[in-house]
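Structure, as structure tokens:
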Amino acid sequence: MQILVKTLNPLCLLQEKKFPGRILFLEYVIQTLEDDFQLKLQTRFLHRSIARMMLSCDKCFSNVKEVIRWLVAAVTGVGFPHPRQHLQKAKHPTSEISRDENSTFSLGLDRMLSIAVEVDRSPICNSNKIADVMFSSILNISKRCQREAILHSMECQLLRCKVLELIFHHSCEVPSSLPLSLTKILYFLNHFSLQLKYQDNEVTWQRWDEMLYNLNLLLLSYHNVVVGHLRNSLSDRMDLIIDNAKPKLQSYDITPLNTELKVEDFSSRLLQILGEPLPPPIEEKIDLLKMLLVTATDI
């Protein structure tokens with residue numbers, strides 16, 4: 001991991017012209033981690049994998065925090081190089097190429113975070129640790145498009161769930177102590193406000209629009225976590241899939257009628273805040289919210 005840190009450090013890249021080589025190196029590292037990870041998983045010796053030695057949240061969390069720092073830098077461009085700028089004699093503008101390279105870099109780093117969630121015994125504990133750091137990082141991202149890019153591109157649904165849960169937890173005046181469930185998501189729907197402050201100074205309706213986007217993303221991720229048994233360790237998950245086990249829900253008493261009433265209450269609250277009519281993007285997200293809630297109650 002020390003070699004990886006030295007090779008991929010964004011500050012070093014500022015003085016390095018051979019950036020494409022760094023991309024290839026990252027891809028090689030990830031493929032090596034993946035191959036060894038899958039081999040150890042098949043033999044139930046995941047605790048001896050290279051990935052665990054590099055990305056264990058229990059043993060070397062500082063490495064995981066470095067990956068998060070690189071990921072945020074790649075998405076925002078803050079502290080991250082635009083390597084082609086060094087090639088002043090290039091014939092064509094390369095801003096688009098640089099964006100593609102940064103995108104490739106960020107996808108690789110995101111895959112490393114997904115591996116980090118799984119390498120120890122408890123994906124829940126690991127996702128909690130990683131999400132705490134990512135939440136703090138997202139608060140410091142000034143552009144909405146970049147915040148959404150990080151959330152939308154997360155490969156690990158469990159990690160995305162936890163980050164979004166933290167966003168809504170800190171957006172409620174009275175946070176709920178419930179574990180993440182459909183009941184808690186409905187609590188968020190009726191209690192969240194615009195308490196979190198970002199630096200982009202968007203108008204009020206756009207901030208509500210972003211939070212609705214996040215809520216829909218949370219619902220979608222929660223559905224995938226439950227159906228895929230993603231809160232269980234990989235070895236336990238394999239057994240559950242083999243046994244065709246049914247998903248374990250934590251909200252048995254919620255009906256489609258309950259969710260419909262909750263959405264109507266939320267829409268009324270927004271109308272009081274924003275006035276009539278609601279902006280079309282918000283209307284569209286409310287319609288999507290209704291469909292996702294119906295899907296969640298049908299699990």
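- Taking 4.5 Å as the limit, every side-chain heavy atom of Phe105 sits out of range of all side-chain heavy atoms of Asp110.
- Ionic pairing of Arg121 and Asp236 is present here: one or more N-O contacts between side-chain nitrogen and carboxylate oxygen are shorter than 4.0 angstrom.
- For the pair Ile130 and Phe61, the minimum side-chain heavy-atom distance is below 4.5 Å.
- The OG atom of Ser122 sits 9.0 Å away from atom NZ of Lys129, with the distance rounded to the nearest 0.5 Å.
- Linking Ile, Leu, Val, Met, Phe, Trp and Tyr residues whenever their side-chain heavy atoms come within less than 4.5 Å leaves Leu39 and Ile115 in two separate clusters.
- Rounding to the nearest 0.5 angstrom, the gap separating the CG atom in Asn126 from the CG atom in Leu158 is 9.5 Å.
- Side-chain heavy atoms closer than 4.5 Å link hydrophobic residues (I, L, V, M, F, W, Y) into clusters, and following such links, possibly through other members, connects Val203 to Leu274.
- Annotation: side chain of Tyr213 is not in contact with side chain of Ile282 (no heavy-atom distance under 4.5 Å).
- Side chains of Asp265 and Ser268: no donor on one and acceptor on the other come within 3.5 Å.
- In this structure, the side chains of Leu164 and Tyr222 stay at 4.5 Å or more apart for every pair of heavy atoms.
- Between Lys290 and Glu260 there is no salt bridge, since no side-chain nitrogen of the basic residue lies less than 4.0 Å from a carboxylate oxygen of the acidic one.
- The distance between the ring centers of Phe188 and His169 does not fall below 6.0 angstrom.
- The structure places OG1 of Thr183 at 3.5 Å from CD1 of Ile254, a figure rounded to the nearest 0.5 Å.
- A donor-acceptor contact closer than 3.5 angstrom is absent between the side chains of Ser49 and Asp36.
- Contact check on Asp120 versus Lys59 returns no salt bridge, with no Lys/Arg side-chain nitrogen under 4.0 Å from an Asp/Glu carboxylate oxygen.
- With 3.5 Å as the limit, one finds no donor-acceptor pair spanning the side chains of Ser221 and Asn224.
- Here the closest heavy-atom approach between residue Leu189 and residue Phe266 is recorded as O-CD1, 3.2 Å.
- Proximity of Leu186 to Leu293: side-chain heavy atoms (C-beta onward) are separated by under 4.5 Å at one or more points.
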Go through Met134 and Leu71 one step at a time and tell me if the side chain to side chain contact (heavy atoms under 4.5 Å, CB included) criterion holds. CA-CA 10 Å; Met134 294 206 70; Leu71 175 62; 4.0 Å; yes
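- Of all heavy-atom pairs spanning Asn232 and Pro123, the tightest one is O-CG, 3.3 Å.
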Kindly determine whether Glu155 and Arg160 satisfy salt bridge (Lys or Arg N to Asp or Glu O under 4.0 Å), including the steps that lead there. CA-CA 8 Å; Glu155 179 179 316; Arg160 182 197 286 167; over 6 Å; no
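- At least one donor-acceptor pair closer than 3.5 Å links the side chain of His229 to the backbone N or O of Ala245.
- Remark: Ser153 OG to Arg111 CZ distance equals 13.5 Å, nearest 0.5 Å.
- What you find for Arg147 and Ile138 is that their closest heavy atoms are CD-O, 3.8 Å.
- To the nearest 0.5 angstrom, Leu182 atom CG is 9.5 Å from Asn258 atom CG.
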For the pair Leu113 and Val117, evaluate side chain to side chain contact (heavy atoms under 4.5 Å, CB included) and give the outcome as yes or no after the intermediate values. CA-CA 6 Å; Leu113 291 180; Val117 170; 5.8 Å; no
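- No donor-acceptor pair closer than 3.5 Å links the side chain of His223 to the backbone N or O of Leu219.
- Annotation: side chain of Lys143 is not in contact with side chain of Thr76 (no heavy-atom distance under 4.5 Å).
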Between Cys161 and Leu180, is the side chain to side chain contact (heavy atoms under 4.5 Å, CB included) condition met? List the steps. CA-CA 9 Å; Cys161 255; Leu180 184 60; 3.8 Å; yes
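- Without hydrogens or angle criteria, Ser56 side chain to Met53 main chain gives no donor-acceptor distance under 3.5 Å.
- The existence of a salt bridge linking Glu118 and Arg237 is confirmed by a sub-4.0 Å separation between a basic side-chain nitrogen and an acidic carboxylate oxygen.
- Separating the OG atom in Ser193 from the CZ atom in Arg207 is a distance of 9.0 Å, to the nearest 0.5 Å.
- In this structure, Lys162 pairs ionically with Glu165, as a charged nitrogen and a carboxylate oxygen lie closer than 4.0 Å.
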For a side chain to side chain contact (heavy atoms under 4.5 Å, CB included) check, start with the C-alpha distance between Leu159 and Ser114, then their side-chain angles and the critical distance, and finish with the verdict. CA-CA 8 Å; Leu159 178 57; Ser114 296; over 6 Å; no
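- The shortest distance between side-chain heavy atoms of Pro279 and Trp208 does not fall below 4.5 Å.
- Following chains of ILVMFWY side-chain contacts shorter than 4.5 Å, one can reach Ile150 starting from Val133, so the two form part of one hydrophobic cluster.
- Using the six-membered ring where Trp is involved, Phe192 and Phe168 have ring planes that are perpendicular, over 60° apart on the 30 and 60° scheme.
- Using a 4.5 Å cut-off on side-chain heavy atoms (C-beta onward), Leu289 and Thr259 make no contact.
- Using a 4.5 Å cut-off between side-chain heavy atoms of Ile, Leu, Val, Met, Phe, Trp and Tyr, with links allowed through other members, Phe45 and Phe37 fall into different hydrophobic clusters.
- Summarising the geometry of Met112 relative to Ile30, their closest heavy-atom pair is CG-CG1, 3.9 Å, with the distance given to 0.1 Å.
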